[in-house]
Amino acid sequence: MTARGFDHVVWTVRDLATAARFLERAGFRMTPRARHPWGTENHLVQLDGFFIELLGIGDAALIPEAVGNTFSFGAFNRDFLKAREGASMLVMESRDPAADRHDFERAGLHVYAPFSFGREARLPDGEIRKVGFDLTFVRNDSDPAHGFFTCRNRYPENFWSAEYQTHPNGVTGLESVVIVCDEPAEQHIFYAALTGQREMRATSLGITIETPRGRLHLMPPSAFSALYGSEAPAIAPGGSAIAALGLRTRDRARVARMLGEASLDFVEAPEGLVMPAGDHFGLALVFV
């Protein structure tokens with residue numbers, strides 16, 4: 001299988017403007033609001049090859065329902081928000097959508113119909129450039145509450161911006177993605193196929209998978225509480241939650257000062273400086 005690093009995470013919120021202001025207060029530089037033709041809107045936080053997609057519902061009337069084997073990005077995130085805010089989708093990088101599809105089908109996973117789209121992006125200097133993406137959606141039968149797909153960026157030279165990747169808090173890249181689940185061992189087959197990584201490390205705290213960009217941690221709620229100094233998100237029996245993003249920063253003390261000056265809550269924990277999910281739109285941010 002092809003080894004895949006993390007491409008981005010979709011962080012779905014009910015009030016996009018308020019959530020964007022929160023991230024700006026936390027020291028992130030946001031891209032301008034963009035609109036999808038299927039009713040959702042977003043801001044991005046670009047890091048070093050990974051980005052956070054902060055997503056909201058712009059016009060629910062434009063959202064198409066899923067039909068047959070077609071995956072509806074808009075409908076999925078609309079329905080996710082009926083239950084909670086937080087990270088709704090986990091996305092891996094793609095160099096070859098056909099190879100991704102082959103890997104997933106060979107692993108016995110359900111793969112949806114191919115999907116591609118393009119839009120215009122505004123650069124910091126105001127220039128407009130075309131961007132385009134090829135998406136391969138795949139289902140995790142043991143975690144239907146979250147969405148998963150690979151993403152091939154067709155015009156990376158138009159998408160990435162050094163200015164948007166420079167943040168006042170000094171964050172430079174992704175360190176880890178943390179998923180809370182009752183039984184990490186029951187998830188390893190799906191995540192081995194998603195990441196293309198068969199090797200993983202199992203300990204009493206859960207399972208860790210190294211990817212070309214970022215580390216995946218699968219752990220029970222008790223391990224999350226011990227390592228991240230905050231309550232794990234509530235999960236249904238047998239369910240999961242994308243609980244935290246670990247982010248590399250040049251100066252953790254500087255981040256602590258910025259958060260304190262902005263009156264944003266955080267705790268010092270064994271795994272880093274943590275902004276708990278319960279206080280911040282359903283996803284914990286961990287500065288390491």
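Only heavy atoms go into these numbers, but all of them, side chains included; no hydrogens, no water, no symmetry mates.
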[X] versus [Y], closest heavy-atom pair with distance:
X    : Y    : value
V267 : G229 : CG2-O, 3.8 Å
A284 : A277 : N-CB, 3.5 Å
H167 : G27  : CB-O, 3.5 Å
P212 : G5   : CD-N, 3.7 Å
P276 : H280 : O-ND1, 2.8 Å
L174 : S176 : CD1-O, 3.3 Å

[Y] side chain reached by [X] side chain, heavy atoms, under 4.5 Å:
X    : Y    : value
V180 : I235 : yes
S222 : S225 : no
L259 : L273 : yes
T12  : V10  : yes
F159 : Q46  : yes
V13  : L54  : yes
S230 : F224 : yes
M258 : V255 : no

With rounding to the nearest 0.5 angstrom, report the [atom1] to [atom2] distance, [X] to [Y].
X    : Y    : atom1 : atom2 : result
F28  : L44  : CZ    : CG    : 13.5 Å
I209 : E199 : CD1   : CD    : 11.0 Å
T40  : L55  : OG1   : CG    : 5.0 Å
C151 : D7   : SG    : CG    : 4.5 Å
L247 : N169 : CG    : CG    : 8.5 Å
Q165 : T31  : CD    : OG1   : 11.5 Å

Do side-chain atoms of [X] reach the backbone of [Y] as a donor and acceptor pair under 3.5 angstrom?
X    : Y    : result
W11  : F281 : yes
E271 : V286 : no
E41  : R33  : no
D134 : S116 : no
H188 : A185 : yes
R14  : L81  : yes
H102 : A98  : no
N77  : S88  : no

Using the rule that Ile, Leu, Val, Met, Phe, Trp and Tyr join whenever any side-chain heavy atoms are under 4.5 Å apart, tell me whether [X] and [Y] fall into a single cluster.
X    : Y    : value
I242 : M92  : yes
L285 : M30  : yes
I63  : L135 : no
M219 : Y191 : no
L218 : F148 : yes

Check the pair R139, D141 against side-chain contact (heavy atoms from CB on, under 4.5 Å), reporting the backbone distance first and the verdict last. CA-CA 6 Å; R139 186 170 68 212; D141 287 332; 2.8 Å; yes
Hey, would you say the H8 and F149 ring centroids sit under 6.0 Å apart? yes
Just do the ring pair (Phe, Tyr, Trp, His ring centres under 6.0 Å) check on Y155 and F133 with the steps written out, would you? CA-CA 8 Å; Y155 307 101; F133 309 91; 8.6 Å; no
Between [X] and [Y], is there a side-chain N and carboxylate O pair less than 4.0 Å apart?
X    : Y    : value
R29  : E163 : yes
E105 : R101 : yes
E175 : R213 : no
R78  : E65  : yes
R4   : E93  : no

Can a donor-acceptor pair be found between the side chains of [X] and [Y] at a distance below 3.5 Å?
X    : Y    : answer
T172 : D48  : no
D100 : T136 : no
T249 : R252 : no
T208 : H217 : yes
E186 : S142 : no

So with a 6.0 Å cut-off around [atom1] of [X], is the heavy-atom count from everything else above 12?
X    : atom1 : result
L62  : CG    : yes
R129 : CZ    : yes
R154 : CZ    : yes

Run the side-chain contact (heavy atoms from CB on, under 4.5 Å) test on L194 and F104 for me, step by step, so that the C-alpha distance in whole Å, both residues' side-chain angles and the decisive distance to 0.1 Å come before the verdict. CA-CA 7 Å; L194 184 70; F104 297 154; 4.3 Å; yes
Could you go through the side-chain contact (heavy atoms from CB on, under 4.5 Å) check for R25 and L264 one step at a time? CA-CA 8 Å; R25 290 171 62 205; L264 295 173; 3.5 Å; yes
Out of the candidates F115, W38, F76, only one should pair with F71 under the ring pair (Phe, Tyr, Trp, His ring centres under 6.0 Å) rule; please name it. F76
side-chain contact (heavy atoms from CB on, under 4.5 Å) between V178 and Y228, intermediate numbers included: CA-CA 10 Å; V178 183; Y228 295 94; 3.2 Å; yes
State which residue, out of L245, V171, V274, fulfils the side chain to side chain contact (heavy atoms under 4.5 Å, CB included) condition with F287. V171
